[in-house]
Protein chains: 4
Amino acid sequence: MKRNRPKFKQIIDAAVVVIAENGYHQAQVSKIAKQAGVADGTIYLYFKNKEDILISLFQEKMGTFVETIEAELKQADNASDKLLVLIQQHFGQLSDDRHLAIVTQLELRQSNKELRIKINDVLKGYLELMEKIIDEGISNGEFSEDLDKKLARQMIFGTIDETVTTWVMNEQKYSLTQMAVPIHTMMARACGSQNIEKKV
Amino acid sequence: MKRNRPKFKQIIDAAVVVIAENGYHQAQVSKIAKQAGVADGTIYLYFKNKEDILISLFQEKMGTFVETIEAELKQADNASDKLLVLIQQHFGQLSDDRHLAIVTQLELRQSNKELRIKINDVLKGYLELMEKIIDEGISNGEFSEDLDKKLARQMIFGTIDETVTTWVMNEQKYSLTQMAVPIHTMMARACGSQNIEKKV
Amino acid sequence: MKRNRPKFKQIIDAAVVVIAENGYHQAQVSKIAKQAGVADGTIYLYFKNKEDILISLFQEKMGTFVETIEAELKQADNASDKLLVLIQQHFGQLSDDRHLAIVTQLELRQSNKELRIKINDVLKGYLELMEKIIDEGISNGEFSEDLDKKLARQMIFGTIDETVTTWVMNEQKYSLTQMAVPIHTMMARACGSQNIEKKV
Amino acid sequence: MKRNRPKFKQIIDAAVVVIAENGYHQAQVSKIAKQAGVADGTIYLYFKNKEDILISLFQEKMGTFVETIEAELKQADNASDKLLVLIQQHFGQLSDDRHLAIVTQLELRQSNKELRIKINDVLKGYLELMEKIIDEGISNGEFSEDLDKKLARQMIFGTIDETVTTWVMNEQKYSLTQMAVPIHTMMARACGSQNIEKKV
DNA sequence: AATGAATGAGCCTTCATTCAT
DNA sequence: TATGAATGAAGGCTCATTCAT
């Protein structure tokens with residue numbers, strides 16, 4: 001299996017660095033190969049074409065991203081807390097890998113529609129995770145029962161995403177992780193969280 | 001002033017159509033010229049370069065967009081209602097111009113970082129409008145006093161934007177305007193709106 | 001019409017020279033452009049792609065080639081004489097344009113199957129001309145009535161073509177036109193020509 | 001001697017199949033290796049380079065081809081009959097190995113000039129065999145004494161070759177061997193054969 | 001003001017060959 | 001002998017921009 005050989009990850013990591021530092025449209029395959037320390041042709045032993053590098057990059061990174069969040073979610077035992085963990089983890093992971101933050105928030109969005117559709121497929125798992133938390137909150141009475149699950153998910157993702165993008169466009173000058181709690185407060189309130197009111 | 005000559009708007013409208021129908025990367029200058037009914041070279045009598053077309057497009061369309069919203073806001077006399085009007089107007093205008101919706105939500109985001117920074121400059125006025133509403137809400141006690149103005153604005157914009165993008169990516173198959181009220185309910189709650197509670 | 005603008009022929013003539021002097025696989029578009037005195041991009045204003053240059057080259061040159069032969073054929077009033085004129089013209093024209101001889105006999109045959117099929121379509125007109133002469137010969141009793149028209153045509157074309165190819169591969173060291181009469185004698189005999197016997 | 005080791009022929013036979021089924025330009029060394037059931041690198045233990053495979057292929061197949069014809073020629077005792085046997089054998093052998101027919105008539109001709117010159121060296125033996133028959137015919141009075149030996153050989157080879165190529169390009173839809181007698185009739189007449197006249 | 005023919009820089013991908021195992 | 005992962009050179013084509021008319 002190609003995905004498990006060391007050069008696979010090596011090339012993907014090189015792609016993250018090259019795209020972050022040069023921008024999507026200046027990330028030539030030859031530059032990625034050089035950064036990875038392999039020949040141009042070697043790229044094509046592991047990836048079908050340039051687009052495949054980018055999809056794989058997103059799959060690999062997003063896979064780890066979501067797995068990490070899922071693992072951390074086990075610590076929390078109600079929907080509101082899970083939401084907080086999710087936001088903290090989301091911000092935390094992107095804070096820890098600033099190259100990745102640039103790539104996912106700015107550069108990869110310059111790809112064409114087809115690639116973005118494929119990227120959205122990868123995102124689906126993450127969005128479903130959010131909906132599961134919302135579902136749980138509605139079921140156990142934490143969240144308002146008239147909450148529209150899909151809209152709530154769009155709000156949560158939209159808010160988190162906009163926050164991270166703004167942070168990246170401001171060149172990551174302030175702490176993103178400090179935003180987690182106030183963002184969570186707004187999200188919980190928006191969901192009609194009863195916990196919030198009790199805590200206040 | 002070039003902006004007032006008829007061909008200026010003619011070219012911009014052509015650009016919207018061409019980009020919406022062909023995608024950003026397939027929107028060659030020659031295609032825009034053809035759609036506008038002018039020669040390729042004529043484009044350069046009105047715009048410095050291709051990027052300038054796109055920025056001007058955004059300025060023109062966004063200008064009208066924000067002006068319309070500002071005008072409508074006068075009907076509302078509290079922050080929560082203003083928020084509702086803003087969301088309704090935002091959704092309404094993009095519902096009415098589906099080409100524009102595709103261009104702003106999907107295609108123009110494929111532009112490079114520099115262009116996106118310039119587009120963000122244009123967006124600034126709209127974001128400030130949002131902040132003014134939030135400010136008003138906090139001042140008059142409608143909204144929670146611990147609300148972070150900047151984060152609240154990122155939430156509102158992020159939520160609206162994600163909602164529209166999802167709608168566009170679903171090929172505008174459902175009514176976007178019907179989303180305005182439930183989205184507004186969540187936003188108002190997130191801001192700690194007292195009005196919401198009263199109304200319920 | 002692109003085919004009538006001067007640069008169209010200019011590029012085709014450049015292609016003949018470049019292919020003859022460098023070989024088919026060393027005839028890069030940039031080399032052809034340079035030889036034609038135009039920019040690389042200009043090629044693509046006149047031709048869809050590289051293959052289109054080669055097909056057009058064959059069409060243009062073959063068109064003239066066959067037209068010339070057809071015009072000369074009017075001087076002859078029986079099938080055997082027409083055959084002689086055809087062979088003389090075929091040899092004569094390729095003797096007069098040695099670059100073209102190299103291109104048609106050696107280089108263009110290195111093209112892939114698809115291109116060769118398209119080239120064969122162009123050849124069809126010439127082959128039909130041959131069959132018409134054979135038909136005439138059979139009808140008026142000059143040629144043997146049991147002659148297979150299609151096989152006779154394959155013989156005539158195959159013989160002429162092999163003769164020219166051998167001449168080109170021998171670097172055109174001897175006179176090709178001097179071969180016309182003896183080749184014609186063989187062809188006429190093969191067709192069972194009565195004229196030949198009388199003349200002898 | 002490498003030529004006698006089993007993998008040598010194994011690779012050559014693989015090359016014939018791969019070239020016939022994929023075309024010359026799609027016959028990569030790796031594909032030939034796979035078809036032969038060996039590793040890519042193994043090819044280079046038996047052949048100097050890719051060109052060497054093709055030349056060896058031609059040598060091996062052409063060697064058998066000519067040997068078979070020479071053996072069969074012993075049955076015939078005059079030039080005209082020998083010509084008939086040669087044509088029948090030529091058509092028969094290619095009818096029996098359709099892959100080989102595709103390779104020799106269409107695919108191998110796409111090779112570059114140098115390779116074709118080397119292939120022509122291999123062909124020489126066959127062409128000399130033809131000339132020997134013509135010589136014999138002229139000497140014993142069967143053929144016209146003013147026959148140009150070299151031109152006659154070019155006619156015979158050109159005619160046979162064109163006939164086979166036309167048959168291959170028509171996807172071998174009709175019987176090639178049935179063409180042998182009429183082709184022979186034409187060739188014999190072209191040589192001024194006295195036998196033909198007697199037989200008629 | 002308007003035209004549109006001409007320009008030319010820039011990059012992804014293939015595949016014959018090598019060489020460490 | 002045999003393997004197969006790794007190499008790296010090379011070229012067709014697009015399209016934003018210019019400028020002579």
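Proteins get letters first, then strands, A, B, ... in listed order; numbering begins at 1 in each. Atoms considered below: every heavy atom in the structure, side chains included; atoms not considered: hydrogens, waters and symmetry mates.
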Donor-acceptor pair, side chain of A/R116 and main chain of A/S111, under 3.5 angstrom = yes

Rounded to the nearest Å, what distance is computed from the CD atom of residue C/Q28 to the P atom of nucleotide F/dG11?
-> 4 Å

Which residue, C/K50 or B/A27, contacts DNA chain F at a nucleotide closer to its 5' end, judged by nearest heavy atom?
-> C/K50

Is the distance from OP1 or OP2 of E/dA6 to the nearest side-chain N or O of C/Y46 less than 4.0 Å?
-> yes

Hey, which of B/D97, B/D13, B/T104 is the one that makes side-chain hydrogen bond (donor to acceptor under 3.5 Å, both in side chains) with B/K61?
-> B/D13

Gap between atoms CZ and P, on B/F47 and E/dA2 respectively (whole Å) = 13 Å

Taking for each residue the nucleotide of DNA chain F bearing the nearest heavy atom, is the 5' side occupied by B/N49 or by C/Q26?
-> C/Q26

Integer-rounded Å distance: F/dA16 C1' and B/L54 CG = 12 Å

Between atom CD1 in C/I43 and atom C1' in F/dC15, what is the gap in whole Å?
-> 16 Å

Can you check the D/Y44 OH to F/dT1 C1' distance for me, whole Å?
-> 17 Å

Ignoring hydrogens and geometry, is there a side-chain-to-backbone donor-acceptor pair from C/K31 to C/Q26 under 3.5 Å?
-> yes

Upstream residue (5' side of DNA chain E) when D/E51 and B/L45 are each assigned their closest nucleotide | B/L45

Strand partner of E/dC19, provided both Watson-Crick or wobble distances fall under 3.5 Å = F/dG4

Choosing from E/dT17, E/dT3, F/dA6, which nucleotide comes nearest the side chain of B/A39?
-> E/dT3

Which whole-number value in Å describes the distance from D/D52 CG to E/dT17 C1'?
-> 14 Å

Between the CD1 atom in A/I32 and the CD atom in A/Q10, the distance rounded to the nearest 0.5 Å is 13.0 Å

Interatomic distance, D/I32 CD1 vs E/dT17 C1' [rounded to whole Å] | 14 Å

Reckon A/K48 touches a base, only the sugar-phosphate, or nothing at all at heavy-atom distances under 4.0 Å?
-> nothing

Does B/K31 make a side-chain N or O approach to OP1 or OP2 of F/dC15 shorter than 4.0 Å?
-> no

First encountered from the 5' end of DNA chain E, between C/K7 and B/V38 | B/V38

Can you find a side chain N or O atom of C/T42 that sits less than 4.0 Å from OP1 or OP2 on E/dA6?
-> no

Whole angstrom value for the distance that separates C1' of F/dT17 from CG of B/D40 = 10 Å

Would you classify C/V29 as touching base, sugar-phosphate or nothing, given that sugar-phosphate means primed atoms plus P, OP1 and OP2, and contacts are heavy atoms under 4.0 Å?
-> sugar-phosphate

Reckon D/K34 touches a base, only the sugar-phosphate, or nothing at all at heavy-atom distances under 4.0 Å?
-> nothing

Determine which nucleotide pairs with F/dT14, using a 3.5 Å limit on both distances of a Watson-Crick or G-U wobble pair.
-> E/dA9

Is a donor on one side and an acceptor on the other found under 3.5 Å between the side chain of A/K9 and the backbone of A/E60?
-> no

Can you say whether the rings of D/Y126 and D/F65 are parallel (under 30°), tilted (30 to 60°) or perpendicular (over 60°)?
-> perpendicular

